Amino acid sequence: MSPGFATRLARWMPKLAVAPGFALSFAFIYGLIAWNGVLSFSASRLLPNYEWVGLAQYVALFESERWIVALTNLGIFSALFIGVGLALGLFLAVLLDQKIRAEGALRTIYLYPMALSFIVTGTAWKWILNPGLGLEHLVRSWGFEGFSFDWLVNPDMAIYTVVIAGVWQSAGFVMALFLAGLRGIDDAILKAAQIDGATLPRIYWRIVIPSLRPVFFSTLLVLAHISIKSFDLVMALTAGGPGFATDMPATFMYAMSFSRGQIGLGAASATIMLCTVAAIVVPYLYSELRGARR
Amino acid sequence: MTFHRFPARALHIAAATTLFCAFFAAQAGEVEVLHYWTSGGEAKAASALKATLQGKGHSWKDFAVAGGGGDSAMTVLKSRVVSGNAPAAAQIKGPSIQEWGNEGVLANLDDVAKANNWDALLPKVVSDVMKHKGHYVAVPVNVHRVNWLWANPEALKKANAKMPTNWDEFFVTAEALKKAGLIAVAHGGQNWQDFTTFESVALGVGGADFYRKALVQLDPATIKGPTMLKVLTTFKRVKGYTDKNAPGRDWNLATAMVIRGEAGMQLMGDWAKGEFIAAGKAPGKDFLCAAAPGTANAFTFNIDSFAMFKIKNTANLQAQKDMAAAIMSPEFQETFNLNKGSIPARLNMDMSKFDDCAKLSSKDFVATAKGNTLVPSIAHGMAVSSAAEGAIKDVVSQFWNTDAMTPEQAADRLVAAAKTR
């Protein structure tokens with residue numbers, strides 16, 4: 001019962017409390033990432049094995065046309081999903097910030113799609129966009145016989161239908177984040193600007209949006225990782241089709257690892273996906289941590 | 001009176017059951033069976049196997065994983081095998097049996113096979129699929145014929161067209177159906193359905209020898225040859241007779257279009273028959289079945305089979321062997337296939353209980369096995385490794401969907417895809 005023991009225990013307590021969680025996350029996140037990395041250098045087919053083949057799986061991966069299509073789709077999807085999502089979310093937030101009536105109800109309606117899983121969103125949009133069932137059929141039945149909207153079944157345009165469904169799903173969420181950011185801005189600054197004679201668009205452009213910088217970053221981070229790992233939305237909406245026109249890295253990885261018996265190739269594609277995420281997250285974390293120290 | 005007698009009889013039954021159980025407890029084992037027969041007709045067929053085994057006193061532990069293609073079932077199976085806890089039997093087919101055999105986890109069934117004379121009961125192409133390095137490791141439960149053409153006779157009559165027997169006639173019929181305002185060919189634009197159509201075209205246009213060389217042996221010269229270009233051109237022509245809403249449609253919805261008379265024909269394996277029968281239609285009267293155009297003397301097979309895994313418990317081992325023997329028995333093969341819509345894998349079966357389509361299928365199965373025109377279906381995982389099959393499937397599907405791709409370009413890509421190991 002020496003006071004020394006109690007102090008020492010008190011000093012160790014936080015570390016002891018964190019240790020189990022740390023060990024578990026180390027084993028099941030970083031351990032499995034490392035295992036995946038090892039597998040990507042092996043000749044694993046149906047089951048994992050450890051025959052070393054060097055970079056052969058990566059070479060095969062980048063020679064595969066399907067993988068190139070998947071990467072291109074990821075580029076198109078991420079750019080549009082993030083760009084349109086941010087713009088639309090911000091626009092909705094600005095509109096909703098005008099102290100209007102029934103704001104609570106509108107906010108709930110806009111946010112509601114986020115409560116649905118991507119599987120539901122994908123299935124619903126699959127019906128809406130099906131030429132014989134949804135939008136095209138509806139407009140034609142109104143008498144516009146020439147109307148055509150068959151992106152879902154057109155290999156060149158199908159990826160944009162995934163963007164439509166994805167933006168529909170996430171715009172409300174982005175709006176909620178921006179709305180919180182807008183509410184956090186000091187009214188006094190805005191009032192001062194108004195007294196100085198600034199117009200409303202100018203106030204938004206020069207004061208409000210710049211002060212939303214942190215919100216932009218966190219939204220970007222959330223949307224970027226959703227788009228890189230997007231799997232369920234594609235599976236439900238197009239299942240990667242027509243052909244493999246809407247394949248994404250995640251669906252590619254799943255197909256190779258689990259239905260084609262090419263675990264090595266799947267692991268290589270998963271590693272590339274991890275690198276892509278890391279390329280976005282690491283600079284972000286770096287800037288955040290540096291900011292915290294300052 | 002009845003009050004007294006009934007409990008007494010119940011007691012007798014209970015006593016008998018107890019004795020029965022006690023007797024079998026010594027040797028009764030448990031078989032855990034992983035399968036993906038979860039749709040209506042399939043589940044019925046699976047319960048026939050369960051009943052057969054329970055009749056032998058073994059208990060059946062069902063391990064059904066939903067998902068028709070079996071992808072999810074295979075994922076579950078892999079995790080079980082990796083953790084050293086394999087089920088007794090799993091539904092694995094085609095070259096995948098070899099892939100699992102190479103992992104060294106399958107049981108040797110040679111003694112059961114020898115005792116029941118499997119070598120004589122199965123065509124050699126079939127038994128070769130069931131063997132790994134010359135030893136039986138799997139048992140076939142059924143044979144599906146993939147090269148079928150289904151048609152609605154009403155629709156044909158309306159278009160004043162006849163059932164085609166070769167690809168030239170096929171396009172004449174399709175044109176007539178189109179003129180009559182119908183969808184000529186019901187199709188579902190999923191890559192395996194594109195591939196099923198492609199394989200029937202390849203067999204019909206090129207014949208069994210070409211098919212074997214190009215799609216089983218993956219010979220580059222044959223894949224690039226003039227016959228393949230003709231196959232690809234014909235294949236692409238079929239697309240012109242499908243409707244715009246096909247992409248993503250499930251095969252059974254396409255079959256339903258033929259059933260309702262919205263569409264005239266469908267190229268699909270004989271599981272489509274199950275849909276017609278389930279809709280209360282009679283073969284020959286409400287729907288027609290024929291070999292896909294130009295393939296009357298050939299047969300692409302898709303065989304479901306159970307691979308047996310190495311297990312340690314001796315009682316369970318006996319149960320596993322009994323299951324293997326039971327699967328090949330004529331009684332099981334008959335009940336199962338009557339429910340599933342396929343035909344028995346065993347030769348020399350009495351087909352009197354089967355319908356006309358199955359009878360034709362069985363007759364052709366035996367004849368093509370003798371005539372060496374019985375070939376494995378590549379679209380259904382019977383011909384080449386899953387990696388090569390997937391790569392070829394991708395090319396075929398891309399060719400089907402991309403109007404800008406020429407048959408020459410497609411053939412070049414097929415050669416590249418065939419190199420996938």
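Every chain is numbered from 1 and lettered A, B, ... according to where its sequence line falls, protein lines coming before strand lines. As the structure is a prediction and not an experimental result, all values here were calculated from the model.
Interface residue A:Phe244: only side-chain heavy atoms are found under 4.5 Å from chain B. There is no contact between A:Thr238 and chain B, counting heavy-atom distances below 4.5 Å. B:Ala391 touches chain A through its backbone: at least one of N, CA, C or O sits under 4.5 Å from a heavy atom, while the side chain does not. For A:Glu65, the part lying near chain B is the side chain, with the backbone staying farther off; criterion is any non-hydrogen pair under 4.5 Å. In this structure, chain B has heavy atoms under 4.5 Å from both the backbone and the side chain of A:Pro242.
In terms of heavy-atom pairs under 4.5 Å with chain A, the best-connected choice from B:Ala417, B:Gly381, B:Ser397, B:Ser386 is B:Ser386. The residue among B:Gln190, B:Glu389, B:Glu99, B:Lys244 with the most heavy atom pairs within less than 4.5 Å of chain A is B:Lys244.
Ion pairing of B:Lys236 with B:Asp403 is present here, as a side-chain N (NZ or NE/NH1/NH2) and a carboxylate O approach within less than 4.0 Å. Classification of B:Lys393 and B:Glu199 as a salt-bridged pair fails, no side-chain N sitting under 4.0 Å from a carboxylate O. B:Lys419 and A:Glu63 are not joined by a salt bridge, as no carboxylate oxygen comes within less than 4.0 angstrom of a charged side-chain nitrogen. A salt bridge links B:Asp243 with B:Arg249: the closest approach of a Lys/Arg side-chain nitrogen to an acidic carboxylate oxygen falls below 4.0 angstrom.
Residues in residues 112-131 of chain A take part in these side-chain hydrogen bond (donor to acceptor under 3.5 Å, both in side chains) pairs, two or more places apart or across chains: A:Thr121-A:Gln169.
Judged purely by distance below 3.5 Å, without hydrogens or angles, the side chains of B:Lys93 and B:Asn302 pair a donor atom with an acceptor atom.
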